[in-house]
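Written out below as structure tokens is the structure these notes cover.
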Amino acid sequence: MGASTSCKKVKERKKDGKEYSENRINNGGKSQRSLGTLTSWHPNSLEIAIFGKINWIRQNPSKFASELERKAAKIQNKKSHKFIAFKETIRYLKELQAVRRIRLSFVLSQSVKLQVDELCVLDYKDLSNDYLSCSRRTSLSSRLDTFHILHGQCCDIFEFGGENPVEIIMSLLTNGNWDTCLFHREILFDPDYDYVGLAECHHHTIGRICGLAFSRRKKKKKTKR
């Protein structure tokens, strides 16, 4: 029989003044950090800036709406999809109440980095393959389950393009069809998500690829006495 693998409680620790999530697994009596040996993720300056901007926007939606209004004013075609998406997002943000800060998870970041790195080496000139389709990607839940990571409800979203945090988040909220923009708004401003993980890379033909992964705490099942 193979060695049994069991998950231990997720612990929050601090390293160099930064919080990070650590999940240990007991594999045949040997304790190790899951994902730690698969990829070493340390946030670069852009990823840190994106994380900070996400929390600023969650707590200041009306101020970000003002930023979008200045951008929308420069769009010449007022009937374009882009302008309509900007107006809809601005309306949504102005009606939104501030939501609590979200915490950075190293485990989620390592998991989404695996997907971003995979996307970053694909040949997007081959139009016969729909590389951007969700069916062509391993789901975030599957990646976390494979590595024995405890998690609640989770999802990930990806943006292609953008060179700074404002451009990347703005693209998430305004690029794509109406359903996609709505979905991204609901994820970014969902007050029930506790953690976010993120990773970015630069593709040689399409530019920046940024992935964000969100997760709720896994609720403990109540035991009947």
Side-chain angles (χ1 to χ4, degrees), residues 5-25 27 31-59 99-120 132 134 136-160 162 165 168-169 171-173 183-202 208-220:
T5 301
S6 60
C7 289
K8 287 186 175 180
K9 184 179 180 181
V10 176
K11 296 181 179 179
E12 297 296 333
R13 294 190 175 185
K14 288 188 176 182
K15 182 179 182 182
D16 298 330
K18 296 179 180 177
E19 294 183 347
Y20 70 101
S21 299
E22 179 183 292
N23 186 47
R24 289 183 176 275
I25 59 174
N27 190 359
S31 182
Q32 66 181 34
R33 292 177 189 170
S34 54
L35 283 179
T37 57
L38 297 175
T39 175
S40 56
W41 181 86
H42 299 284
N44 59 35
S45 58
L46 177 59
E47 290 163 343
I48 292 173
I50 293 171
F51 172 65
K53 195 65 177 180
I54 289 173
N55 271 324
W56 183 85
I57 291 171
R58 283 169 65 93
Q59 296 190 302
V99 295
R100 62 188 176 90
R101 292 176 61 84
I102 198 167
R103 302 174 70 180
L104 179 63
S105 166
F106 275 42
V107 170
L108 282 173
S109 296
Q110 290 180 96
S111 184
V112 77
K113 176 174 170 54
L114 295 177
Q115 184 65 79
V116 167
D117 286 348
E118 180 180 323
L119 293 171
C120 213
L132 308 186
C134 292
R136 296 296 303 270
R137 304 198 301 261
T138 305
S139 71
L140 174 63
S141 181
S142 297
R143 293 195 299 275
L144 293 173
D145 288 342
T146 299
F147 303 131
H148 310 287
I149 303 297
L150 291 171
H151 63 86
Q153 182 179 348
C154 60
C155 72
D156 53 8
I157 54 181
F158 296 87
E159 181 51 40
F160 298 79
I168 291 170
I169 296 173
S171 294
L172 281 168
L173 296 174
F183 174 70
H184 288 171
R185 289 199 299 265
E186 291 175 344
I187 296 300
L188 283 170
F189 296 100
D190 189 332
D192 292 329
Y193 279 117
D194 300 289
Y195 298 102
V196 63
L198 55 124
E200 63 85 23
C201 70
H202 194 275
R208 186 78 57 196
I209 299 177
C210 181
L212 301 173
F214 295 82
S215 177
R216 293 180 172 91
R217 291 182 187 275
K218 187 175 180 63
K219 295 181 179 180
K220 295 181 180 179

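Source: prediction; values computed, not measured. Quick note: residue numbers are just sequence positions, from 1.
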Straight-line distance of [X] [atom1] to [Y] [atom2], nearest 0.5 Å:
X    : Y    : atom1 : atom2 : value
Q115 : I209 : CD    : CD1   : 10.0 Å
D156 : S111 : CG    : OG    : 7.5 Å
L119 : L114 : CG    : CG    : 11.0 Å
I57  : L188 : CD1   : CG    : 7.5 Å
L198 : N44  : CG    : CG    : 8.5 Å
E200 : E159 : CD    : CD    : 13.0 Å

Identify the heavy atoms of [X] and [Y] that sit nearest to each other, and give their distance.
X    : Y    : answer
C201 : V116 : SG-CG1, 3.4 Å
L172 : F158 : CD2-O, 4.0 Å
C210 : I50  : SG-CD1, 3.9 Å
V99  : P191 : CG1-CB, 3.9 Å

Exercise. With sequence neighbours excluded, what pairs up with N55 under the side-chain contact (heavy atoms from CB on, under 4.5 Å) test?
Worked result: F51, R58, R101, I102
Exercise. Does R185 come within less than 4.0 Å of D190, counting only side-chain N to carboxylate O?
Worked result: no
For this session: Sequence neighbours left out, what passes salt bridge (Lys or Arg N to Asp or Glu O under 4.0 Å) with D192? Give chain and number order.
Result: none
Kindly indicate whether the side chain of [X], heavy atoms from C-beta on, has any atom under 4.5 Å from the side chain of [Y].
X    : Y    : value
D194 : R103 : no
L46  : R208 : yes
L104 : S109 : yes

Exercise. After noting the C-alpha distance and the side-chain angles of Y195 and R216, does the key distance pass the side chain to side chain contact (heavy atoms under 4.5 Å, CB included) rule?
Worked result: CA-CA 7 Å; Y195 298 102; R216 293 180 172 91; over 6 Å; no
Exercise. Among all residues two or more places apart in sequence or in another chain, which pass the disulfide (SG to SG under 2.5 Å) test with C155?
Worked result: none
Exercise. Relative to the ring of F214, is the ring of Y193 parallel (under 30°), tilted (30 to 60°) or perpendicular (over 60°)?
Worked result: tilted
